[in-house]
Amino acid sequence: MAIPHIELNDGHSIPQLGYGVFKVPPTDTERAVSEAFELGYRHIDTAAIYGNEEGVGAAISRSGLAREDLFITTKLWNDRHDGDDPDAAIAESLDKLGLAQVDLYLVHWPTPAHDNYVHAWEKLIELRDAGLTRSIGVSNFLVPHLERIVAETQVVPAVDQIELHPAHMQVDIADWAAAHDVRIEAWGPLGQGKYDLFGTAPVADASAAHGKTPAQVVLRWHIQHGNIVFPKSVQRARLEENLDIFDFELSDAEIDAIDALDPADGSGRVSAHPDEVN
Ligand SMILES: NC(=O)c1ccc[n+]([C@@H]2O[C@H](COP(=O)([O-])OP(=O)(O)OC[C@H]3O[C@@H](n4cnc5c(N)ncnc54)[C@H](OP(=O)(O)O)[C@@H]3O)[C@@H](O)[C@H]2O)c1
C-alpha cells in the first residue's frame, strides 16, 4: 500500500513513513538503504553526526531512482552553529550524499548553553533561500526554543523532530506545533527498544486483535496521530514489517489506551533532555 504524504507549511510534502539510519554502521549503510529502496522506502533520515551520509549517497546513486521521488533529510551538528560554519557543514553533507540539494535540513539540537540556535536558524533560512535545502526545520527544540526562533526571525520551521513514543508523547510540543502549523517528526518511535513497550497490555492486545506485530501497532499509532516516523532497523525483515502498516486501523479506544502509557511527567524519556545537550 502506498505511503501517505504529509503537507508541510511551506507547500512541500514528505512521505509520512521513512527509514532512519542512526546507528546503522557506515560500512553497512549502502546495503541497508539499498534494501529499503527495494522494499519501497523513499524517505531517508540521516545526520552529519551519524557518519553514514556517504553510504546513503552510494545507495541513492546506485538506486537509479529519480531524485524527485526521494526525500532526504540531514542535520547540522551542534558544534557547527557559529559564524558561517553552517555553510561549510551543508556543503560537506551534500558532497557526501552526492546531492545538489537536500529535501529537509534540521538544526539537530538547540544546545541552549551556547545561546547560538537563533543564529543557526538564521543560517538555515539563508541555506534554504540559496537552494541548498528545500525545507528547513529543527530537532529537539522545546516550546521556549520554538517560540524564540519564531519571535526573532518570523520564520516557522516546517518540522520539529523530537523524541516521541507512547511513554513520552511531549504533548506540550505537539500542541504548540499543531497551533503553529508545524509537523511533528517522532524520533525513537519504538522507544529505541529501551523499555518493554511491546509487552504492555494496550500494545499486546491491539497486536492480537489485528493480527499485527507490536511494532506495527506502535507505528500505526504514530501514523494515526499524524506523526512522521522513520524507524531504524538493520534487518531486512523488520524493514519490511515496519512498512506494512497501512492495511489496518486502530480504534479510538485502542489509541486512547496506548496514549495512557505516557506518565505525563516527562519520566518516560529514554534519551537526553534537550537542555542538557550542549
Ligand atoms: N534528531 C535526533 O536527535 C534523533 C535521535 C535519535 C534518532 N533519530 C532518528 O530517528 C530514527 C529512529 O529512531 P531510533 O533509531 O533512535 O529508534 P527506534 O526506531 O525507536 O528503535 C530502533 C530499535 O528498534 C529495533 N527495531 C526496529 N524495528 C523493529 C521491529 N519491527 N521489531 C522489533 N524491534 C525493531 C531496532 O533493532 P534492529 O536494528 O536490530 O532491527 C533498534 O534496536 C533514527 O534512526 C534517526 O534517524 C533522531
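Whatever order the structure lists ligands and atoms in, that order sets their numbers, starting from 1. Just so we're clear, the structure is a prediction, and the values are computed from it rather than from any experiment.
- By the criterion of a heavy-atom distance under 4.0 Å, the side chain of E241, and not its backbone, is placed next to ligand 1.
- Using the six-membered ring where Trp is involved, W77 and H108 have ring planes that are perpendicular, over 60° apart on the 30 and 60° scheme.
- At a distance under 4.0 Å, no protein heavy atom can be found next to atom 43 (O) of ligand 1.
- Nearest protein heavy-atom neighbour of atom 21 (O) of ligand 1: Q192 CA, 3.4 Å.
- By the ring-ring contact (aromatic ring centres under 6.0 Å, His included) test, F246 is found to be paired with no residue, residues two or more places apart in sequence or in another chain being considered.
- Judged as a salt bridge (Lys or Arg N to Asp or Glu O under 4.0 Å), and not counting sequence neighbours, E122 has no contacts.
- Taking the six-membered ring where tryptophan is involved, the planes of F71 and H43 are perpendicular, since the angle between them exceeds 60° and thus also 30°.
- Of all protein heavy atoms, the one lying nearest to atom 47 (O) of ligand 1 is D45 OD2, 2.7 Å.
- Scanning all protein heavy atoms for the shortest distance to atom 31 (N) of ligand 1 gives N242 OD1, 2.8 Å.
- In this structure, of A186, P214, P189, the residue bringing a heavy atom nearest to atom 18 (P) of ligand 1 is P189.
- Closest to atom 12 (C) of ligand 1, if we only count protein heavy atoms, is F230 O, 3.3 Å.
- By heavy-atom distance, the residue among E185, E163, R238 lying nearest atom 25 (C) of ligand 1 is R238.
- In this structure, atom 39 (O) of ligand 1 lies nearest to the protein heavy atom K232 NZ, 2.8 Å.
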